[in-house]
Number of protein chains: 4
Amino acid sequence: MSPRTQQQLDKIRKERKQAIMDTALETFAEHGYESTSISMIARKTDISKGLMYNYFEGKEDLLTSIMTEGIEEMFSMADPNRDGVLTKEEFEYLIDGMFELMRVKSNFYKLYFSLMMQPSVSKLFMAKMNQVIEPFLKLFVDYYTKKGAKNPMVEAVLVGALFDGIGFNYVFNPDVYPLDEVIKLVKERFV
Amino acid sequence: MSPRTQQQLDKIRKERKQAIMDTALETFAEHGYESTSISMIARKTDISKGLMYNYFEGKEDLLTSIMTEGIEEMFSMADPNRDGVLTKEEFEYLIDGMFELMRVKSNFYKLYFSLMMQPSVSKLFMAKMNQVIEPFLKLFVDYYTKKGAKNPMVEAVLVGALFDGIGFNYVFNPDVYPLDEVIKLVKERFV
Amino acid sequence: MSPRTQQQLDKIRKERKQAIMDTALETFAEHGYESTSISMIARKTDISKGLMYNYFEGKEDLLTSIMTEGIEEMFSMADPNRDGVLTKEEFEYLIDGMFELMRVKSNFYKLYFSLMMQPSVSKLFMAKMNQVIEPFLKLFVDYYTKKGAKNPMVEAVLVGALFDGIGFNYVFNPDVYPLDEVIKLVKERFV
Amino acid sequence: MSPRTQQQLDKIRKERKQAIMDTALETFAEHGYESTSISMIARKTDISKGLMYNYFEGKEDLLTSIMTEGIEEMFSMADPNRDGVLTKEEFEYLIDGMFELMRVKSNFYKLYFSLMMQPSVSKLFMAKMNQVIEPFLKLFVDYYTKKGAKNPMVEAVLVGALFDGIGFNYVFNPDVYPLDEVIKLVKERFV
DNA sequence: GATGAATGAGAATTCATTCAT
DNA sequence: CATGAATGAATTCTCATTCAT
């Protein structure tokens with residue numbers, strides 16, 4: 001047996017780190033951050049408690065890593081800044097993308113929503129999330145401005161609230177929520 | 001010398017109990033249910049930890065009491081069942097009532113939202129809240145049916161999501177949120 | 001209404017004190033000393049917690065009072081020292097008396113046995129109980145000496161153990177224990 | 001460097017667990033189950049409170065483990081079921097074994113007796129103990145039947161009470177109790 | 001890297017006792 | 001005399017984190 005190369009080690013490390021984060025996200029989403037113990041995550045990931053601390057500085061670091069990754073992923077997947085202008089088709093496409101993200105990353109959204117509710121925790125992520133949200137808001141404002149809305153800012157805020165509300169309702173009841181039809185209606189009414 | 005009369009005792013009990021519930025609601029809303037300790041509440045209410053248990057069976061009972069009271073208040077304040085039919089004016093009035101409630105009881109809403117995010121806790125209140133929400137949903141469906149909407153149910157669900165989303169955004173940023181204008185727009189767009 | 005006389009007050013006081021002790025004995029016997037709370041006793045006796053402390057200095061004092069009373073009662077009821085000599089008939093009579101006492105005062109015996117098991121507590125009562133037991137033991141020794149037993153002391157000790165054992169088994173299973181037949185056999189074998 | 005092997009871990013766990021159980025048995029026997037705190041046991045075992053919960057689910061589990069072990073040990077050491085029949089010699093041997101056990105495991109017996117006194121706890125062990133006691137009782141009944149006793153069952157019950165009583169007296173005064181002579185007399189009188 | 005034993009701070013809860021009324 | 005609100009110390013238990021191996 002030749003010893004593993006540095007690259008192999010890096011790969012293992014990266015994969016394991018991801019495995020921990022995946023399990024943790026799932027568990028945080030299911031039981032909440034506070035109610036999830038490090039032991040639980042370690043057991044589910046099939047590693048020892050001690051090893052967790054080799055990959056993350058602690059529980060909070062684990063949470064931050066998950067959230068950061070999720071936010072970045074959101075940012076990269078749904079980056080709207082192609083040319084800074086939104087056509088009708090692009091708006092619709094963006095809406096689809098957004099809700100598709102919720103479908104695929106529903107655990108992330110669950111966690112996100114639950115963290116937003118705890119101001120003491122949320123400050124950590126608020127800033128980051130705002131970096132994601134703001135460009136969208138700006139796009140919306142531009143869109144409604146161009147459309148000649150009386151108060152484009154408010155219009156944009158309303159759409160933002162709508163996305164949050166639908167997401168919020170959907171991720172906690174994915175099985176019964178009529179997401180597709182709701183999306184269709186959103187498009188009719190807000191695009 | 002002589003012991004307190006029953007009335008005096010009742011008064012003390014009622015006031016203390018309310019004081020505890022007020023502090024607890026505030027603290028739960030600020031830090032979340034899990035992250036709030038009984039000690040914290042006791043300290044803030046300026047009573048001993050032990051006394052908490054004279055008034056509530058435990059942390060969960062305290063939470064339940066707060067939520068039950070809040071839900072009942074909500075129910076009584078915003079009871080829509082006058083004649084089971086919603087005119088345009090009544091719909092607008094109802095919207096105003098709803099958001100007024102959020103303004104006044106923003107801590108309750110914060111707590112409500114945060115609890116909904118924690119499956120472990122939420123089951124307790126889901127049922128109760130649904131009793132409150134369902135009649136509204138039904139009213140909305142009727143309203144949109146009468147208005148001749150293609151898909152009244154989806155329309156109602158969308159309004160529900162909108163209320164959640166606005167509430168959610170508002171209670172966590174009450175100072176900067178343009179609530180009045182958003183409400184106005186909701187009325188224009190959804191009534 | 002004329003105020004109650006001192007005698008009436010004394011009577012009330014005495015009766016109430018007895019009522020507390022009765023309830024306490026019952027509850028201690030049922031749940032054990034440690035597991036019985038002052039609140040529980042107060043509630044059952046239908047008085048306030050505070051009043052308990054008007055009658056007893058504390059939980060331990062209450063226990064001591066109960067035990068002292070019980071032991072004294074035992075002493076007075078089963079006092080064998082008529083002339084210091086035990087005939088066969090008297091021995092049998094004494095045995096009957098003893099077990100009759102267990103039947104009537106089974107709660108006291110339960111408590112007694114359970115306290116004896118906790119050396120830290122028992123020291124308090126050991127001394128007192130020994131004052132009760134010793135004369136009996138002496139009587140037994142005399143009896144067996146007169147009967148010409150090889151080792152009267154051991155004989156007496158054995159009878160003592162037998163009484164304890166039967167009592168112990170009986171008070172914890174009074175419904176199924178064949179007390180009468182066992183007593184009969186004890187007499188046959190040991191008188 | 002390298003983590004401990006499974007064997008090392010097993011050894012540590014087994015030893016620690018046993019150490020805790022030993023201390024706990026001693027302390028329960030001395031102060032009673034209720035009056036013994038986890039802290040007390042941890043301090044005596046020279047480990048942290050928290051570690052207790054690595055080895056036992058809680059105080060009750062600790063008690064159950066101790067009792068189960070003790071009962072099993074009793075069962076295995078004093079198993080009378082060789083051929084289901086008891087000769088005179090075997091009976092005497094059995095008596096010796098029983099009291100030898102009391103001598104060696106006097107703490108277990110103390111705890112056993114004290115638990116039997118607390119109905120709240122006792123139900124847990126009553127069943128188990130009866131499994132141990134019943135075969136003995138049956139043996140005794142057979143023995144006395146064969147001996148032609150008028151009422152073998154009562155005879156057996158009496159012997160049972162005697163064992164309890166002697167044990168009870170002995171374990172709480174092992175230094176002064178004339179156990180050997182009492183045993184001798186028991187054999188003379190009951191074998 | 002990897003393990004899980006071990007710690008210690010802190011959580012919820014209980015309860016004997018005190019005391020203002 | 002009587003009440004029960006109030007306290008505070010002690011109890012059981014949890015868990016993030018450390019560390020010897």
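Model, not experiment: these values are computed from the prediction. Heavy atoms only: backbone and side chains are in, while hydrogens, waters and symmetry mates are out. A note on names: the letters A, B, ... follow the listed sequences, proteins ahead of strands, and every chain is numbered from 1.
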Give the rounded distance in Å between these two atoms: [atom1] of [X] and [atom2] of [N].
X	N	atom1	atom2	result
C/Asp10	F/dC1	CG	C1'	14 Å
A/Glu57	F/dT17	CD	C1'	13 Å
C/Lys14	F/dC1	NZ	C1'	20 Å
B/Gln8	F/dA2	CD	P	18 Å
A/Met40	E/dG4	CE	P	18 Å
B/Arg43	E/dA11	CZ	C1'	12 Å
A/Ile41	F/dA16	CD1	P	8 Å
A/Phe56	E/dG1	CZ	P	13 Å

Does A/Lys59 make a cation-pi contact with A/Tyr33, if we ask for NZ or CZ under 6.0 Å from the ring centre and within 45° of the axis?
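Satisfied, under 6.0 Å and within 45°.
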
Tell me if a side-chain donor or acceptor on D/Glu15 pairs with a main-chain N or O of D/Ile12 at a distance below 3.5 Å.
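Side chain of D/Glu15 to backbone of D/Ile12: no pair is present.
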
Quick one: on DNA chain F, does C/Arg13 or B/Arg13 contact a more 5' nucleotide (nearest heavy atom)?
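Per heavy-atom nearest nucleotide, the more 5' residue is C/Arg13.
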
More 5' along DNA chain F: A/Lys59 or B/Gln6, using each one's nearest nucleotide?
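Closer to the 5' end of DNA chain F: B/Gln6.
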
What closest approach, in Å, do [X] and [Y] show between heavy atoms, and which atom pair accounts for it?
X	Y	result
D/Ile41	D/Leu62	CD1-CD2, 3.8 Å
B/Ala24	B/Ile66	CB-CD1, 3.5 Å
C/Ala29	C/Lys110	O-CD, 3.8 Å
D/Ser39	D/Lys49	OG-CD, 3.4 Å

Residue among B/Arg13, B/Gln6, B/Gln7, B/Lys14 satisfying side chain to side chain donor-acceptor pair (under 3.5 Å) with B/Asp10
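With B/Asp10 as partner, B/Arg13, B/Gln6, B/Gln7, B/Lys14 yield a single side chain to side chain donor-acceptor pair (under 3.5 Å), made by B/Gln6.
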
Any donor-acceptor pair under 3.5 Å linking the side-chain atoms of A/Thr27 with those of A/Thr36?
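Short answer, no.
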
Cut-off 3.5 Å, side chains only: do A/Gln118 and B/Ser114 have a donor facing an acceptor?
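On atom types as modelled, these side chains do not qualify, holding no pair under 3.5 Å.
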
The dot-bracket string of DNA chain F, counting Watson-Crick and G-U wobble pairs with both distances under 3.5 Å, using [ ] for crossing pairs and | for pairs to another strand, is .||||||||||||||||||||

Tell me what B/Thr36 touches on the nucleic acid: a base, only sugar-phosphate, or nothing, going by heavy atoms under 4.0 Å.
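B/Thr36: backbone/sugar contact only, no base atoms under 4.0 Å.
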
Among E/dC15, E/dT21, E/dA12, the nucleotide that comes nearest once only the side chain of C/Ser37 is considered
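In terms of side-chain proximity for C/Ser37, the closest of E/dC15, E/dT21, E/dA12 is E/dC15.
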
Indicate the ring-plane relationship of C/Tyr109 and C/Phe113, choosing parallel, tilted or perpendicular according to the 30° and 60° boundaries.
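It falls in the tilted class, 30° to 60°.
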
Residue-phosphate contact under 4.0 Å: D/Arg4 side-chain N/O, E/dA2 OP1/OP2:
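The answer is no; no side-chain N or O of D/Arg4 sits under 4.0 Å from OP1 or OP2.
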
So, OP1 or OP2 of F/dC13: does either fall under 4.0 Å of a side-chain N or O from D/Tyr53?
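Looking at the OP1 and OP2 atoms of F/dC13, one of them is under 4.0 Å from a side-chain N or O of D/Tyr53.
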
Detail all sub-3.5 Å separations between protein N/O atoms and N/O atoms belonging to nucleotides 6-8 of chain F.
from: F/dA6; atom 1: OP1; to: B/Arg16; atom 2: NE; distance (Å): 3.0
from: F/dA6; atom 1: OP1; to: B/Arg16; atom 2: NH2; distance (Å): 3.0
from: F/dA6; atom 1: OP2; to: B/Arg16; atom 2: NE; distance (Å): 3.3
from: F/dA6; atom 1: OP2; to: B/Tyr55; atom 2: OH; distance (Å): 2.6
from: F/dA6; atom 1: N6; to: C/Lys49; atom 2: NZ; distance (Å): 3.2
from: F/dT7; atom 1: OP2; to: B/Ser48; atom 2: N; distance (Å): 2.9
from: F/dT7; atom 1: OP2; to: B/Ser48; atom 2: OG; distance (Å): 3.2

For C/Gly58 and for B/Ile38, find the nucleotide of DNA chain E with the closest heavy atom, then tell me which residue's nucleotide is more 5'.
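Upstream on the strand: B/Ile38.
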
